[in-house]
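Working notes for the structure below.
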Amino acid sequence: MYLPKRVRIVEVGPRDGLQNEPGAMLSAALKANLIDRLAAAGLCNIEAAAFVHPKWVPQMANSAEVLRLITRHSHVNYSALTPNMQGLERALQAGVNEVAVFGAASESFSQRNTNCSIAEGLARFEPVAKAALAAGLRVRGYVSAVVDCPYEGAVAPTKVAEVSDALMQMGCYEVSLGDTIGTATPGRTMAMLEAVTNYVAVEYLAGHCHDTYGQALTNIFAMLQAGVASFDSSVAGLGGCPYAKGASGNVATEDLVYMLNGLGIDTGVQLDRLVKVGQDVSDLLGRVNGAKVGIACKA
Ligand code: HMG
Ligand code: MG
């Protein structure tokens, strides 16, 4: 069985997690503290913020303040979502190291999420990617609804491949494949991945698995064997998606690290420290810890 020796974890809890927690109008200081503690637990890639319209996602309104308050480390990559040039300008002012543009493989999801078609979205991302690269930032691409769309149902793998290819062509260093509503199972994940790798080499792909149906780790395990070595996860399994009703958070970072540790795959994350962060943020939000490993370690 092939498995990578090392996996890059992109911690998306402070963004994907907190953008959809009902009680999550956390102050910038609390968010900055969360990000600092995640970095101290060994997470080197942290999606810290989103420069989107505050009316659309009010939880991300204090993004600039969050980035001002974090204690920066040169080995940590702090990134933010930027849907358009206005978002990029705000991100540049806030001093991020990396930005992410986010498209979708389904027209309805693209409209609900970013108020434009897939093609319009890609056209908006071109100048964002160009300007970000010129400013010395790294650019990551997301494709949402890679297996199912909450409005349209099953999504054609060839559409995911097309959008992923377009994101790579505009200079993204990696494309993260989002199972936005967490309905994917390993067979369908692999069919999607096979179509995408006809266009984009597997080393440029990442998995972004929401865990609504409890399939995230299984899907990740399948992708690992196919050569994917970059995965997004969210401490304590925080979050969901404001434009995907019923979607639960990403796979919990604690559960992902536990599985990877068990497989002998290096992540650089200290699980015991991470577990404490996950429990503390769950307590702060008054929610049940979404990490099974977090609950087990507490018991
Ligand atoms: P729009 O309304 O079409 O934008 O929104 P517009 O260009 O027509 O401008 C309208 C108003 O928005 C103007 O203000 C602009 O200044 C303002 P007004 O003149 O009316 O006062 N505006 C902005 N303000 C702040 N920051 C900006 C910005 N852009 C325009 N960047 C837009 C288009 C994309 C901005 C909007 O639809 C939006 O913010 N959507 C939020 C999308 C979002 O954050 N979704 C959640 C993240 S994606 C996700 O979770 C999926 C992922 O995790 C992967 C997966 O799970 O699948 C990544
Ligand atoms: Mg997501």
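Order of listing sets the numbers, starting from 1, for every ligand and every atom in it.
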> Can you tell which of Asp211, Asp255, Leu217 makes a side chain to side chain contact (heavy atoms under 4.5 Å, CB included) with Lys292?
Replying inline: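 Looking at Asp211, Asp255, Leu217, the match for Lys292 under the side chain to side chain contact (heavy atoms under 4.5 Å, CB included) is Asp255.
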Minimum distance, heavy atoms only, to [atom]: which one of [options] is it?
| atom | options | value |
| --- | --- | --- |
| atom 32 (C) of ligand 1 | Leu177, Ile181, Thr114 | Thr114 |
| atom 40 (N) of ligand 1 | Asn113, Thr180, Val128 | Asn113 |
| atom 49 (C) of ligand 1 | Arg15, Met60, Met85 | Arg15 |

>> With carbon and hydrogen excluded and only N/O/S kept, which atom of His208 is nearest the Mg ion (ligand 2)?
In response: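 Considering only N, O and S atoms, His208 comes nearest to the Mg ion (ligand 2) through NE2.
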>> Suppose we only allow N, O or S atoms; which atom of Asp16 ends up nearest to the Mg ion (ligand 2)?
In response: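 Output for this pair reads OD2.
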> With a 3.5 Å cut-off and no angle check, do the side chains of Gln169 and Asp165 form a donor-acceptor pair?
Replying inline: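 Indeed, the side chains of Gln169 and Asp165 share at least one donor-acceptor pair under 3.5 Å.
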> Taking atom types as modelled and ignoring hydrogens, do the side chains of Glu98 and Tyr173 form a donor-acceptor contact shorter than 3.5 angstrom?
Replying inline: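 Glu98 vs Tyr173: donor-acceptor pair found between side chains.
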Using heavy atoms and a threshold below 4.0 Å, how should the contact between [X] and ligand 1 be classified: side chain, backbone, both, or neither?
| X | answer |
| --- | --- |
| Arg90 | side chain |
| Leu81 | side chain |
| Pro83 | side chain |
| Asp16 | side chain |

Taking only heavy atoms of [X] into account, list the atoms of ligand 1 that are under 4.0 Å away from them.
| X | result |
| --- | --- |
| Asn115 | 1 (P), 2 (O), 3 (O) |
| Gly87 | 31 (N) |
| Phe51 | 26 (N), 27 (C), 31 (N) |

>> For Ala80 versus Val96, what's the shortest heavy-atom pair and its separation?
In response: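 Result for this residue pair: CB-CG1, 3.9 Å.
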> Can you name the closest pair of heavy atoms from Asn289 and Ile295 and give their distance?
Replying inline: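 Result for this residue pair: O-CD1, 3.2 Å.
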Scan the side chains in residues 86-94 for donor-acceptor partners under 3.5 Å anywhere in the protein, sequence neighbours excluded, and list what turns up.
| residue | atom | partner | partner atom | Å |
| --- | --- | --- | --- | --- |
| Arg90 | NH1 | Val52 | O | 3.1 |

> If you draw the axis of the six-membered ring of Tyr142, does the NZ or CZ of Arg15 fall within 45° of it and under 6.0 Å from the ring centre?
Replying inline: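 Judged by the rule, Arg15 and Tyr142 form a cation-pi pair.
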> Judged by atom type as modelled, is there a donor-acceptor pair below 3.5 Å linking the side chain of Thr212 to the main-chain atoms of Ile181?
Replying inline: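 Yes; judged by distance alone, with no hydrogens or angles, the pair exists.
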> Is there a nitrogen or oxygen of His210 sitting under 3.5 Å from a nitrogen or oxygen of ligand 1?
Replying inline: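 There is such a contact, yes.
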>> Can you confirm, on distance only, whether ligand 1 has an N/O atom lying under 3.5 Å from any N/O atom belonging to Ser144?
In response: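 Yes; at least one N/O pair falls below 3.5 Å.
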> Counting only heavy atoms not in Glu203, do more than 12 fall under 6.0 Å of its CD?
Replying inline: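 Enclosed: over 12 neighbouring heavy atoms sit under 6.0 Å from CD of Glu203.
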